[in-house]
Amino acid sequence: MSTTYTEKLGEKLNTLLEKSYDAEKGYHKAAENAKNPGLKGYFERKSKERNQFGHAIKSEIRNYGQEIDKGGSTAGSMHRAWMDVKSFFSADSDESMLEAAITGEKAAIDDYQDVLNEINLPTSTATLLTNQVSQIKNDINTIKNLEDLT
């Protein structure tokens, strides 16, 4: 069987794409609200990184002739927020924003693993997602170090 993009894989990648953009917005908002300058810089970097992740995933979906979901029914019904956006946005302290970020990153790793467990995943997609999930895992350690700042 050749390596092809199935509709199911297209849906999973679209969900990952949507969550990348959710994370980007969440980190952007956190950067605006963070009091600690080191934390503010970290959240800004994470927001830009997730934007780049999203663009890379979008290119990958297009390269294999799949549709980019513009927030339609499938993504909407399957969509589990990157983190509880309301609690993240209303977080009144750097510490609570960091906690929400850790929770969100752990959920993101699970989402990536779900796609990486697909059979017949094209090499380019597997490589892209493996690199992105490695970055997320490394950043969980960074977040834990930043907790000392709060």
Side-chain angles (χ1 to χ4, degrees), residues 5 8-64 66-118 121-122 124-150:
Y5 260 50
K8 179 182 165 197
L9 181 56
E11 285 175 9
K12 284 186 173 191
L13 284 171
N14 269 298
T15 300
L16 215 49
L17 175 65
E18 192 174 340
K19 289 178 182 184
S20 287
Y21 289 134
D22 279 353
E24 176 193 357
K25 288 180 203 131
Y27 278 125
H28 179 75
K29 190 73 175 172
E32 288 176 351
N33 295 333
K35 291 160 189 67
N36 179 289
L39 201 53
K40 191 180 277 288
Y42 171 77
F43 285 145
E44 283 168 359
R45 182 178 66 75
K46 290 296 290 180
S47 177
K48 286 187 183 97
E49 173 193 277
R50 279 320 197 359
N51 177 276
Q52 290 163 350
F53 281 11
H55 285 306
I57 293 169
K58 195 185 281 186
S59 295
E60 192 67 14
I61 294 169
R62 282 202 180 109
N63 287 346
Y64 285 92
Q66 290 292 308
E67 289 293 309
I68 303 293
D69 193 328
K70 301 280 194 277
S73 56
T74 326
S77 61
M78 290 174 31
H79 184 66
R80 190 180 79 227
W82 170 71
M83 59 187 148
D84 183 342
V85 177
K86 279 190 195 132
S87 72
F88 193 71
F89 286 175
S90 63
D92 55 357
S93 71
D94 286 359
E95 190 176 7
S96 54
M97 285 191 287
L98 270 175
E99 288 301 319
I102 290 170
T103 303
E105 295 298 60
K106 287 179 178 169
I109 290 168
D110 291 342
D111 294 331
Y112 274 86
Q113 272 329 127
D114 182 47
V115 181
L116 286 166
N117 290 338
E118 281 289 309
L121 194 63
S124 60
T125 306
T127 303
L128 172 72
L129 299 182
T130 300
N131 290 342
Q132 289 186 357
V133 80
S134 294
Q135 184 63 51
I136 293 169
K137 285 177 181 173
N138 291 339
D139 278 337
I140 285 181
N141 296 326
T142 305
I143 293 173
K144 289 181 177 163
N145 293 337
L146 285 169
E147 283 187 296
D148 299 337
L149 298 175
T150 60

Quiz item: Is any side-chain heavy atom of N14 closer than 4.5 Å to a side-chain heavy atom of I61?
Solution: yes
Shortest non-hydrogen pair, G10 vs Q66, comes out as CA-OE1, 4.0 Å
Nearest heavy-atom contact between S20 and I57 is OG-CD1, 3.9 Å
By side-chain hydrogen bond (donor to acceptor under 3.5 Å, both in side chains), D114 pairs with (sequence neighbours left out) K12
So K25 and E18, salt bridge (charged side-chain N to carboxylate O under 4.0 Å, His left out) or not? Walk me through it.
CA-CA 11 Å; K25 288 180 203 131; E18 192 174 340; over 6 Å; no
Tell me whether R45 is salt-bridged to D139, with the criterion being a basic N under 4.0 Å from an acidic carboxylate O.
yes
Without hydrogens or angle criteria, can the side chains of E32 and H28 be said to hold a donor-acceptor pair below 3.5 Å?
yes
On a heavy-atom basis, the closest approach of L17 and I68 is CD2-CG2, 3.9 Å
Sequence neighbours excluded, the answer for side-chain hydrogen bond (donor to acceptor under 3.5 Å, both in side chains) partners of Q52 is none
Between L121 and V115 the two heavy atoms that sit nearest each other are CD2-O, 3.8 Å
Distance col, row N51:CG vs K46:NZ, nearest 0.5 angstrom, shows 13.0 Å
Residue set satisfying side-chain hydrogen bond (donor to acceptor under 3.5 Å, both in side chains) with Q132, at least two apart, ordered chain then number -> Y112
Residues D94 and A34: closest non-hydrogen pair is OD1-CA, 3.3 Å
Separation between CD1 (I140) and CD (E105), nearest 0.5 Å, reads 6.0 Å
For M97 and Y27: C-alpha separation, side-chain torsions, deciding distance, then whether side-chain contact (heavy atoms from CB on, under 4.5 Å) applies.
CA-CA 9 Å; M97 285 191 287; Y27 278 125; over 6 Å; no
- Message: If we ignore hydrogens and angles and just use 3.5 Å, is the side chain of S47 paired with the main-chain N or O of F43 as donor and acceptor?
- Response: no
Taken to the nearest 0.5 Å, the spacing of D110 CG from Q113 CD works out to 8.0 Å
Run the salt bridge (charged side-chain N to carboxylate O under 4.0 Å, His left out) check on E11 and K8 step by step: do they pass?
CA-CA 5 Å; E11 285 175 9; K8 179 182 165 197; over 6 Å; no
Looking at E44 and A31, would you say the former's side chain and the latter's main chain have a donor-acceptor pair under 3.5 Å?
no
Practice item. Inspect the surroundings of CD in E67 and state if more than 12 heavy atoms from other residues, nucleotides or ligands are less than 6.0 Å away. Key: no
dist L13:CG -> R62:CZ (nearest 0.5 Å) comes out at 13.0 Å
Tightest non-hydrogen contact, residues E118 and L9, listed as CG-CD1, 3.8 Å
Tested for side chain to side chain contact (heavy atoms under 4.5 Å, CB included) against F53, the lone hit among N131, I136, L129 is I136
